[in-house]
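First the structure, in the form of C-alpha cells, and then the observations on it.
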Amino acid sequence: MKTLALILTASLTLGWLAQSAPVKLALPAETATLKAGPGVELATANCLTCHSVEYISTQPKLTRTAWKASVDKMKGKFGAPIPDDQVEKLADYLAATYGKPDPAK
Ligand code: HEC
C-alpha cells in the first residue's frame, strides 16, 4: 500500500512536471527614449548601446563643455565606437536637449 502510494505520488508529480508550461518571462518593454531634436538618431545609435537612456536623462543640466567632456569620456575611457566627426554633433544634441548654456565668458 505504501509502495502504491509512492508510485502514485511519483507519477502524479512527473505528470505535473511534464505538463507544466515553460516559464515565460514578460519583461517590460524598453520604452524610454531620448528627447527629440536634431541629432537624436545619432545619439540613439551611439549612446544607448551600453546603457539605458536614464544615464543621460537623469543627469543635471550640463553645459555643452561638460557634455562634450562626457562624450569624450565615453569614447576615450569606455571605448564607445564614436566616429571623430560625430563628437561635436553629439555634444550639440546633448547640450540642446539635456543642457544649459555655457556661462558667458
Ligand atoms: C562603450 C560603451 C558606452 C557607450 C557607447 C556610451 N557609454 Fe556612457 N557610460 C559607459 C559606462 C561604462 C559608464 C559608467 C557606468 C557606471 O559608472 O556604472 C557610462 C556612464 C555614462 C554617464 C553617467 C556619468 C558618467 O560619466 O559616468 C553618462 C552621462 C553617459 N554615460 C553618457 C553617454 C553618452 C552621451 C553617450 C553617447 C555619446 C554614451 N554615454 C555612450 C559606457 C558607454
Side-chain angles (χ1 to χ4, degrees):
M1 200 55 201
K2 228 177 178 180
T3 321
L4 188 67
L6 214 77
I7 291 169
L8 207 69
T9 313
S11 61
L12 279 175
T13 310
L14 282 174
W16 176 81
L17 278 176
Q19 270 179 32
S20 60
V23 181
K24 281 190 192 144
L25 282 179
L27 295 174
E30 184 79 67
T31 49
T33 51
L34 287 166
K35 277 192 238 170
V40 66
E41 301 87 5
L42 198 65
T44 302
N46 282 286
C47 304
L48 305 184
T49 41
C50 298
H51 48 66
S52 68
V53 70
E54 282 81 11
Y55 275 70
I56 294 160
S57 62
T58 58
Q59 292 297 315
K61 283 183 180 299
L62 302 175
T63 61
R64 190 184 185 285
T65 309
W67 272 123
K68 165 80 167 43
S70 183
V71 176
D72 283 338
K73 177 177 162 188
M74 296 305 132
K75 186 171 159 61
K77 215 169 178 182
F78 297 143
I82 301 170
D84 283 339
D85 62 349
Q86 307 293 299
V87 172
E88 295 295 334
K89 286 180 199 161
L90 284 164
D92 282 343
Y93 164 77
L94 292 162
T97 6
Y98 294 98
K100 62 178 182 189
D102 273 296
K105 281 171 200 140

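Throughout, residue positions are numbered sequentially from 1 according to the sequence presented. Atom set for the values below is all heavy atoms of this structure, side chains included, hydrogens, waters and symmetry mates excluded. We count ligands from 1, going down the list as the structure has it; atoms in each ligand are counted the same way.
- If you check which protein heavy atom lies closest to atom 1 (C) of ligand 1, you get Cys50 SG, 2.8 Å.
- Using a 4.5 Å heavy-atom cutoff, the side chains of Val53 and Leu48 are in contact.
- With respect to atom 33 (C) of ligand 1, the closest heavy atom belonging to the protein is Met74 CG, 3.4 Å.
- For His51, the nearest N, O or S atom to atom 8 (Fe) of ligand 1 falls under 2.8 Å.
- Some N or O of Lys73 is nearer than 3.5 Å to an N or O of ligand 1, by distance alone.
- Backbone or side-chain N, O or S atoms of Tyr55 do not reach atom 8 (Fe) of ligand 1 at under 2.8 Å.
- Within 6.0 Å of atom NZ in Lys35, more than 12 heavy atoms from other residues, nucleotides or ligands are found, so the atom counts as buried in its surroundings.
- Listed by number with element, the atoms of ligand 1 under 4.0 Å from a non-hydrogen atom of Asn46 are 5 (C), 37 (C), 41 (C).
- Ranking protein heavy atoms by distance to atom 24 (C) of ligand 1, first place goes to Gln59 NE2, 3.8 Å.
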task = Would you please test Thr63 and Lys100 for side chain to side chain contact (heavy atoms under 4.5 Å, CB included) and show each step?
result = CA-CA 5 Å; Thr63 61; Lys100 62 178 182 189; 3.9 Å; yes
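- Residue contact check: Ile82 has heavy atoms under 4.0 Å from atoms 38 (C) of ligand 1.
- For Thr49, every heavy-atom contact with ligand 1 shorter than 4.0 Å involves the side chain, none the backbone.
- Using a 4.5 Å heavy-atom cutoff, the side chains of Leu90 and Ile82 are in contact.
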message = Run His51 and Met74 through side chain to side chain contact (heavy atoms under 4.5 Å, CB included) and show every step you take.
response = CA-CA 11 Å; His51 48 66; Met74 296 305 132; 4.2 Å; yes
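- Under the side chain to side chain contact (heavy atoms under 4.5 Å, CB included) test applied with Tyr93, the options Leu42, Val71, Val40 reduce to a single match, Val40.
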task = Step by step, work out the side chain to side chain contact (heavy atoms under 4.5 Å, CB included) result for Leu34 and Thr97.
result = CA-CA 9 Å; Leu34 287 166; Thr97 6; over 6 Å; no
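- When hydrogens are left out, the protein atom nearest atom 13 (C) of ligand 1 is Phe78 CE1, 3.4 Å; that is the closest non-hydrogen contact.
- If you number the atoms of ligand 1 from 1 as listed, the ones under 4.0 Å from a heavy atom of Ile56 come out as 32 (C), 34 (C), 35 (C).
- Of the protein's heavy atoms, at least one falls inside 4.0 Å of atom 8 (Fe) of ligand 1.
- Protein heavy atom nearest atom 38 (C) of ligand 1, with residue, atom name and distance: Cys47 SG, 2.7 Å.
- Distance check, rounded to the nearest 0.5 Å: CD of Glu41 to CG of Asn46 gives 11.5 Å.
- Taking every non-hydrogen atom of Leu94 and a distance limit under 4.0 Å, the qualifying atoms of ligand 1 come out as 35 (C).
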request  = Step by step, work out the side chain to side chain contact (heavy atoms under 4.5 Å, CB included) result for Leu94 and Ile56.
outcome  = CA-CA 9 Å; Leu94 292 162; Ile56 294 160; 3.9 Å; yes
